[in-house]
Amino acid sequence: MKKRVCKTKKEVSICKSYKIAVIPGDGTGPEVIREGVKVLDAVSKRMGFKLDYTYYDFGGERYLRTGETLPDSAIEELKKFNAIYLGAIGHPDVKPGILEKGILLRLRFELDQYVNLRPVKLYPGVDCPLKDKKPEDIDFVVVRENTEGLYTGSGGFLKKGTADEVAIQVSINTRKGVERCIRYAFEYCKKRNKKKKLTLCGKTNVLTFAFDLWERTFYEVAKEYPDITTDYAHVDAITMWFVKNPEWFDVIVTDNMFGDIITDLGAMIQGGMGIAAGGNINPEGVSMFEPIGGSAPKYTGKNVINPLAAICAGGMMLEYLGEETASKLIERAVIEVTSKHLKSLAAGKMGYSTTEVGDLVAKYVSELPLEG
Ligand code: IPM
Ligand code: MN
C-alpha cells in the first residue's frame, strides 16, 4: 500500500492507494466486473482512498487467439498487487479443464491462496428457497481449503483406453496445509465474534486417512481456542442440515472438494449465484476475489446478469485490504437494493438491467449515512 496525496472535494489529504489487478475474464465476467468497479470507485471516492486498476485479458478469448492460458510472467507480476479482482473463467469453445486448471486453479495454487472464504448470508428482501427461513437463520461462512485435496492433479491413468484402464485421482492432505487452513478458520471465527462455533465438515467414517489427519489437527488447534465451540459434521449430513437447520452454523472448515460442493448449496440457500461471492486468500501474500458463479455464457452481452455477487466480492476485497468501513458500506448498499428494488436475484428477472443494479448500489454507497 502506497500513501499519496489524494484530492477530495474540499481538502487535499494524504490517502491510501491500493494496486488492484483486474481480470474480467470470460462470458458475463466483464459485465459484472464493470459494475463492481463502478461501486468500488463510488466507495473509494466517498471514503477517500484510491484504487489503481491494471487490467489483464486472461481467459478463453486470449487462449483461443494465442494458445496461452497464463503467460509465465503473470504470476510474478500479479504478486506486486495488493489484491486481484476476478470476473469469471470458462469459455464454451474451450474444452472443460483447460482454462480452469490453466488460469483459475493455477493462480490459486501458485499464489498459495490456501483459503477459499465463502460467506453464505441471506440478505433482507431476497427470496429464500427454504420454507420459513429468515435472514437471521442463514448467516455462516465456509472456510474451504484451496490448494490441496483432490485438486492437486495428482494421479493418472494406466492402460488408458483399454478394457483394463485404471484412473487414479489422489487427495493430498498435508499436515501443514490442513493446519494452516484450520488455524485460519479458528482465527476467523474468533474475529467474526458471532456464535463462536466452528464446525469441521469431513467424512471420518469412510475417508479414514485424510479426515483422520483433519480431525486430529482440528482438535489439537481447538485447545488454543477455548472460547470457540467445536463441532463436527459429515459432508453428506451437512447438506441435509444446510436445508433443514442452517441456523446451526457459524463457521465451517472443510477440504477443497467438499468445500466446492457445499458452497454451491450454500449459494442456493442465500438466494442464488447472483449474490454468492468468495475470496481466495493468502494471508501473507496476494488474495483474489471473485463471484463464485462462473461465466454464464448464455447471458453474455445481454445486460441481464446479476452483478451483486461481483459487487460483494469487491466488498470482501476491501475488508481484506483493511477498509472495513468501506466494505460495510457496500454491504449496506447491497441490502438497500435487495430489500427495496430487486424482484428476484435471477438473471433477466431482477426488474433491472446489470448496469442499473450497479448504478443503484453505487448511488446508495454515495448517499447512505455513514454509521457512527
Ligand atoms: C469454484 C469453481 C472451480 C472449483 C472450478 C471452476 C475449477 O467451481 O470456484 O468453486 O472447482 O474450485
Ligand atoms: Mn465450485
Side-chain angles (χ1 to χ4, degrees), residues 23-29 32-33 36 58-63 69-70 83-120 140-155 169-173 177 181 201 235 238-239 242 252-282 287-300 305-306 308-310 312-314 316-317 320:
I23 309 174
D26 298 318
T28 50
V32 297
I33 286 295
F58 309 141
E61 294 296 333
R62 181 192 165 113
Y63 173 74
T69 47
L70 271 189
I84 304 167
Y85 190 36
L86 172 73
I89 298 293
H91 194 289
D93 301 337
V94 181
K95 200 176 139 214
I98 294 179
L99 301 172
E100 292 85 344
K101 278 191 168 174
I103 302 177
L104 183 62
L105 298 181
R106 193 164 160 216
L107 289 173
R108 288 179 183 170
F109 280 45
E110 294 198 22
L111 296 171
D112 205 19
Q113 294 161 341
Y114 62 83
V115 160
N116 196 325
L117 194 65
R118 297 191 162 179
V120 177
F140 60 87
V141 178
V142 177
V143 175
R144 164 187 175 190
E145 201 290 322
N146 209 31
T147 53
E148 299 195 340
L150 282 166
Y151 276 71
T152 60
S154 170
Q169 195 103 37
V170 185
S171 176
I172 304 281
N173 298 264
C181 175
C201 165
V235 63
I238 222 169
T239 61
F242 272 17
I252 297 166
V253 64
T254 191
D255 84 345
N256 208 342
M257 187 79 258
F258 291 167
D260 178 45
I261 298 167
I262 67 172
T263 54
D264 267 23
L265 178 56
M268 286 304 118
I269 68 173
Q270 74 180 125
M273 285 301 179
I275 191 97
N280 302 274
I281 313 281
N282 176 344
S287 299
M288 175 168 78
F289 298 83
E290 54 173 344
I292 78 174
S295 59
K298 75 173 179 191
Y299 298 119
T300 303
I305 195 82
N306 188 340
L308 288 182
C312 291
M316 289 181 75
M317 178 167 78
Y320 158 83

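Ligands are counted one by one from 1 in listed order, and the atoms in each one are counted from 1 as well.
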Under the salt bridge (Lys or Arg N to Asp or Glu O under 4.0 Å) rule, collect the residues that match up with Glu110, sequence neighbours excluded. Arg106
Test side-chain contact (heavy atoms from CB on, under 4.5 Å) applied to Met273 and Met268, step by step: CA-CA 7 Å; Met273 285 301 179; Met268 286 304 118; 4.0 Å; yes
Between Asn146 and Gln113, is there a donor-acceptor pair closer than 3.5 Å when you use the side chain of the first and the backbone of the second? yes
Can you name the residues that form a salt bridge (Lys or Arg N to Asp or Glu O under 4.0 Å) with Arg144, not counting sequence neighbours? Asp260
Can a donor-acceptor pair be found between the side chains of Thr28 and Tyr299 at a distance below 3.5 Å? no
Strictly under 2.8 Å, how many protein N, O or S atoms lie near the Mn ion (ligand 2)? Waters don't count. 1
List the steps, then state whether salt bridge (charged side-chain N to carboxylate O under 4.0 Å, His left out) holds for Arg108 with Glu290. CA-CA 12 Å; Arg108 288 179 183 170; Glu290 54 173 344; 2.9 Å; yes
Close residues, ligand 1: non-hydrogen atom nearer than 4.0 Å: Glu100, Leu104, Arg108, Arg118, Arg144, Tyr151, Asp260
Ile252 and Val143: side-chain contact (heavy atoms from CB on, under 4.5 Å), yes or no, with the steps? CA-CA 6 Å; Ile252 297 166; Val143 175; over 6 Å; no
Do the two ring centres, one from Tyr151 and one from Phe109, sit under 6.0 Å apart? no
So Leu308 and Ile275, do their side chains get closer than 4.5 Å, heavy atoms only? yes
